[in-house]
Number of protein chains: 2
Amino acid sequence: MARTQGSHSDITGPRIRRAALRLFARHGFAAVSMRQIAGEVGVQAGALYNYTPDKQTLLFELMRDHMDALLAARAAEAARAGRDPMARLENFTRHHIRFHIERPDEVFIAYMELRNLAPENFAEIERLRHAYEDELETILRNGVAAGDFAVPDPRVATYAVIAMLTGVNTWYRAGGRLSLSEVETLYWDMVRKAVAA
Amino acid sequence: MARTQGSHSDITGPRIRRAALRLFARHGFAAVSMRQIAGEVGVQAGALYNYTPDKQTLLFELMRDHMDALLAARAAEAARAGRDPMARLENFTRHHIRFHIERPDEVFIAYMELRNLAPENFAEIERLRHAYEDELETILRNGVAAGDFAVPDPRVATYAVIAMLTGVNTWYRAGGRLSLSEVETLYWDMVRKAVAA
DNA sequence: GTCTATAAGTTGATAGAC
DNA sequence: GTCTATCAACTTATAGAC
């Protein structure tokens, strides 16, 4: 449905980002046209360019905002979890699952659309992802030093744990056989044993 | 470079599939045009339609061939691995890593382009993927019954292990710090411990 | 089996009226 | 800030010559 003319800068911006997020996740960045996004929001295609210089920047900002939110949430969680490696690893495991399952579109885009980023944008997203991975690697190294964990290669274990946890997004559906809390516990059981001394 | 006219049905077909595979993996199905594929092969766009009825079928057949090859390879490996659950799980782990790392483009497409499949094609690929998952789930259930494994939820553990192992493709590069054989051993160590009784 | 030519429609982005 | 109109280029797929 079309909109009447007028000024709506305060709400149109977020609506454009939400519509783009949903459509990019469903159909892929390349398959979605600026006209489709505009149609979803209820404006004409030309109006989008008041909010983003181009389609590429729209994609990049969705991914960067997601990674910023992830790192900010981790910083807050890490402060709560204390210093014990086992407690920190459990906190990381449960928080990763919860944070990612709450943002399926963002997670999907952040993994699938890396190849559609311009090189400088790709480098920035990779930098943020690396910062996230580094926290888990540090937890594992501290646990090894404390004698709690036996992890022959903390970097590889970091990749393995993150891939395993993010995989929840490919199958978990709310209202299914298991509650999210039960899923968290099942994965924590596997992570704990996989790195156990 | 353009090709002169002539008949090349025996080689053009495979070349089209290889070019489409490479381009879809690099840029995404929606971002690749039939002209790009034709250009890579050295024919005009119209000639592609001697080999595929449309772009969608080209994608589907790449994915189906990959899943068929995976299931055939598994059947051959399973025959070699015997009946012991521990031996079968190690065989599955190492073979999954090796098979997937040898086919990065196929794996990328099989995971990323599911959303671009027509519904009936999607259902077929999902059926094949499910058959692959079922083998691992059966291994885990047999290991639990034999007292070798402690796995509270074999279906969830199946998802977790497969996601973890496929994750190797996102970071491993030949000629890097670790050989593929070392990587296999690191992952087998984590899988073994994660499901241990 | 491949070519050229074409149909019919879509694309990202811009210009200027309001 | 949004609209309409527009551009030049691109898209998948087909028809018919060779």
Side-chain angles (χ1 to χ4, degrees), chain A residues 1-24 26-63 109 113 115-121, chain B residues 1-21 23-24 26-63 109 113 115-119 121:
Chain A
M1 48 177 169
R3 286 274 241 60
T4 49
Q5 267 184 260
S7 177
H8 304 273
S9 72
D10 49 339
I11 58 166
T12 303
R15 291 187 61 194
I16 289 171
R17 286 193 287 278
R18 270 198 299 276
L21 180 75
R22 210 180 71 89
L23 289 168
F24 289 165
R26 292 270 188 303
H27 310 293
F29 173 75
V32 173
S33 71
M34 295 299 266
R35 281 173 183 75
Q36 272 179 279
I37 298 168
E40 192 95 341
V41 174
V43 297
Q44 294 300 313
L48 300 183
Y49 293 88
N50 289 316
Y51 298 92
T52 183
D54 50 37
K55 195 183 169 191
Q56 162 73 208
T57 303
L58 187 52
L59 173 65
F60 169 60
E61 289 181 352
L62 288 173
M63 294 174 70
I109 290 174
E113 304 295 356
R115 63 189 170 188
N116 284 307
L117 288 176
E120 70 273 21
N121 293 339
Chain B
M1 48 175 170
R3 285 272 240 62
T4 50
Q5 269 183 260
S7 179
H8 303 275
S9 72
D10 50 339
I11 58 165
T12 304
R15 292 186 61 194
I16 289 170
R17 287 192 289 277
R18 271 198 299 277
L21 180 75
L23 288 168
F24 290 165
R26 293 269 189 302
H27 309 294
F29 174 74
V32 174
S33 72
M34 295 299 265
R35 276 175 185 75
Q36 273 180 277
I37 298 168
E40 193 94 343
V41 174
V43 297
Q44 292 300 312
L48 300 183
Y49 293 89
N50 290 315
Y51 300 92
T52 183
D54 50 37
K55 196 183 168 190
Q56 162 72 209
T57 303
L58 188 52
L59 173 65
F60 169 62
E61 289 181 352
L62 288 173
M63 293 174 70
I109 289 173
E113 303 295 355
R115 63 189 171 188
N116 284 307
L117 288 175
N121 292 341

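Sequence lines set the chain letters: A, B, ... in the order given, protein chains first and strands last, and positions in each chain run from 1.
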Exam field: side chain A:Glu113 to backbone A:Leu59, donor-acceptor pair closer than 3.5 Å: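 A pair under 3.5 Å: no.
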Flag, side chain of A:Gln56 to backbone of A:Ala118, donor-acceptor distance under 3.5 Å: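 Yes; judged by distance alone, with no hydrogens or angles, the pair exists.
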Is any side-chain nitrogen or oxygen of [X] closer than 4.0 Å to OP1 or OP2 of [N]?
X       : N      : result
B:Thr12 : C:dG1  : no
A:Ser33 : C:dT10 : no
A:Gln44 : D:dT4  : yes

Could you state the atom-to-atom distance from [atom1] of [X] to [atom2] of [N] in whole Å?
X       : N      : atom1 : atom2 : result
A:Arg35 : C:dG12 : CZ    : P     : 7 Å
A:Phe29 : C:dG12 : CZ    : C1'   : 10 Å
B:Tyr49 : C:dT6  : OH    : P     : 18 Å
A:Lys55 : C:dT14 : NZ    : P     : 15 Å
A:Met34 : D:dC7  : CE    : P     : 21 Å
A:Asn50 : C:dA13 : CG    : P     : 14 Å
A:Leu48 : D:dT2  : CG    : P     : 9 Å
A:Tyr51 : D:dT2  : OH    : C1'   : 8 Å

Beyond-backbone contact of B:Phe24 with B:Lys55, side-chain heavy atoms, under 4.5 angstrom: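 B:Phe24 vs B:Lys55: side chains touch.
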Single hit among B:Thr52, B:Ile11, B:Ile37, B:Asn50 for side-chain contact (heavy atoms from CB on, under 4.5 Å) with B:Ile16: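 For B:Ile16, the side-chain contact (heavy atoms from CB on, under 4.5 Å) test succeeds with only one of B:Thr52, B:Ile11, B:Ile37, B:Asn50, which is B:Ile37.
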